[in-house]
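What follows is a single structure, written as C-alpha cells, with notes after it.
In what follows, chains are A, B, ... by sequence order, proteins preceding strands, each numbered from 1. Source: prediction; values computed, not measured.
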2 protein chains.
Amino acid sequence: MPAGTVLDLGKFQESERRLTPQRQAVLKAFLELSQEHPTAEAIYQAARRHCPTVGIATVYRSLDLFVQMGLIQKVPSLNGTARYETQKVPHNHFVCLKCGRIYEFDKRPVVDKNIEKEGFEVISSSTVCFGYCPACRQ
Amino acid sequence: MPAGTVLDLGKFQESERRLTPQRQAVLKAFLELSQEHPTAEAIYQAARRHCPTVGIATVYRSLDLFVQMGLIQKVPSLNGTARYETQKVPHNHFVCLKCGRIYEFDKRPVVDKNIEKEGFEVISSSTVCFGYCPACRQ
DNA sequence: GTGATTGCAAAGGTTTTGCAGTAAC
DNA sequence: GTTACTGCAAAACCTTTGCAATCAC
C-alpha cells in the first residue's frame, strides 16, 4: 500500500461509483481531520480548501456513501451532530459531556457472542465512556 | 422504597425544584416506556395521556432536567433522534442500524482506569454494538 | 452520449428559546 | 408574593431532498 494511503480506494473501481474531485476533496478533508473525529461541518470547511465550490449537500452525500462503502464510520452523538471516524473495529471512545469532543483510548475488544445467538447481526462494537475531558474539567 | 417507585424523587425536595403535574406526567410516561428506550416524541405522546395540555417544549425541558439530576440518561444516536433510558451504570446496548431501536443485553462491565490517570473524569461507560436486529434482518 | 453526480435552495425533522401568563411553594 | 415553571410559536440547528445543470466515464 502506497505511503499516505489509508483507505481502500479500489472499492471505487470495483463499483460503478465515480471518484469525482468533490469526493476526493471530502476524503482528503476527512483524512486530515480523522484524528479528531470531525463533524460534517468541519469536513465541509476543510473540503472547501481543496474544492472551493463543493456544497454541504455533496459533503453529506459523500459521507453517507463512504459509510455505506465501509470506508468510514459514523459515531453516535448525544447532541444531534454526527461525527465521523476511520473504520476500526473494535474501538473505544471517550465522549465529553460538555464539549462533545471524542477521544480515542486504547483498544480493549469486547464481544458478546450471546446476542448473535438471539438473532442479532453485529457489525461492530465499541465501548464508550462519558464524562468530562481534561480541558472541560476546570 | 415503595413498590413501583424506581426513581429517587427525594432529589426534588432536596433541590429548589418543583415536582409539577407536567413533570410527573413526563416521569410517568418515561417509566411506562423505559423498557424500549423511548424518544422524546414517544414520551410526549404518552405524557399527554396523563396531562393533555403538556407541551413538547416542557417535555424536552423536563427530560433535560432529569438528565441533569441524574434520574435518567440520554443515549447517543446515529440518526439525530435522542433516546432516554434509566440510569444504569454500566449498561450495554445493541443499536439497530436500520430501525434505530435500542436493545439492552447482559451487563459486562468494562472500565479503563488508564484514562482517568490522563485527566479524564468518567461518569459512565457502556458497550455499544451496531448491526441489524432480528426484525430488520429479513 | 448516458447516467451518475453536483450545487442550490427549499424542506424536513428534532430540539431550543423568548416571552407573557400561570401555578407552586 | 416570589420565583420557578408552562405553553405557544418562532427560531435554531443539522440533515435530506427535488431538480435542472454538469461532469465523469
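- No N or O donor and acceptor, one from the side chain of A:Arg61 and one from the base of D:dT16, sit under 3.5 Å apart.
- Side chains of B:His50 and B:Gln22: a donor-acceptor N/O pair is absent below 3.5 angstrom, by distance only.
- In this entry the distance linking OH of A:Tyr60 with P of D:dT16 reads 7 Å, nearest Å.
- Using a 4.5 Å heavy-atom cutoff, the side chains of B:Leu63 and B:Val26 are in contact.
- Listed nucleotides C:dT6, D:dT6, C:dG7 differ in distance to B:Thr20; the shortest reach to its side chain belongs to D:dT6.
- Rounded to whole Å, atom C1' of D:dT6 lies 10 Å from atom CZ of B:Arg23.
- In this structure, A:Gln22 does not reach the C:dT5 phosphate: none of its side-chain N or O atoms is under 4.0 Å from OP1 or OP2.
- Counting heavy atoms from C-beta on, the side chains of B:Tyr84 and B:Ile43 come closer than 4.5 Å.
- Atom CZ of B:Arg17 is separated from atom P of C:dA24 by 18 Å (rounded to the nearest Å).
- The CZ-C1' distance, from B:Arg18 to C:dT22, rounds to 11 Å in whole Å.
- Listed for the A:Arg48 side chain is no donor-acceptor partner under 3.5 Å among the backbone atoms of A:Thr53.
- For the pair A:Lys74 NZ and D:dC14 P, the interatomic distance rounds to 14 Å; values are reported in whole Å.
- Atom P of nucleotide D:dT15 and atom CZ of A:Arg83 are separated by 11 Å, given to the nearest angstrom.
- Atoms CG (A:Asn79) and P (C:dG13) sit 21 Å apart, rounded to a whole Å.
- Taking atom CD on A:Gln24 and atom C1' on D:dA24, their separation rounds to 11 Å, with Å as the unit.
- Side-chain contact between B:Arg17 and B:Met69: present, with at least one pair of heavy atoms (C-beta onward) separated by less than 4.5 Å.
- Looking at A:Arg83, its side chain does come within 3.5 Å of a backbone N or O of A:His37 through a donor-acceptor pair.
- Contact check of residues 33-52 of chain B against DNA chain D (heavy atom, cut-off under 4.0 Å) returns no residues at all.
- Put simply, the side chain of A:Thr58 never gets that close to the backbone of A:Val54: no donor and acceptor are under 3.5 Å apart.
- The residue among B:Gly80 and B:Pro21 whose nearest nucleotide of DNA chain C is located toward the 5' end is B:Gly80.
- Looking at the side chain of A:Thr81, the nearest of the listed nucleotides D:dC8, C:dT15, D:dC14 is D:dC14.
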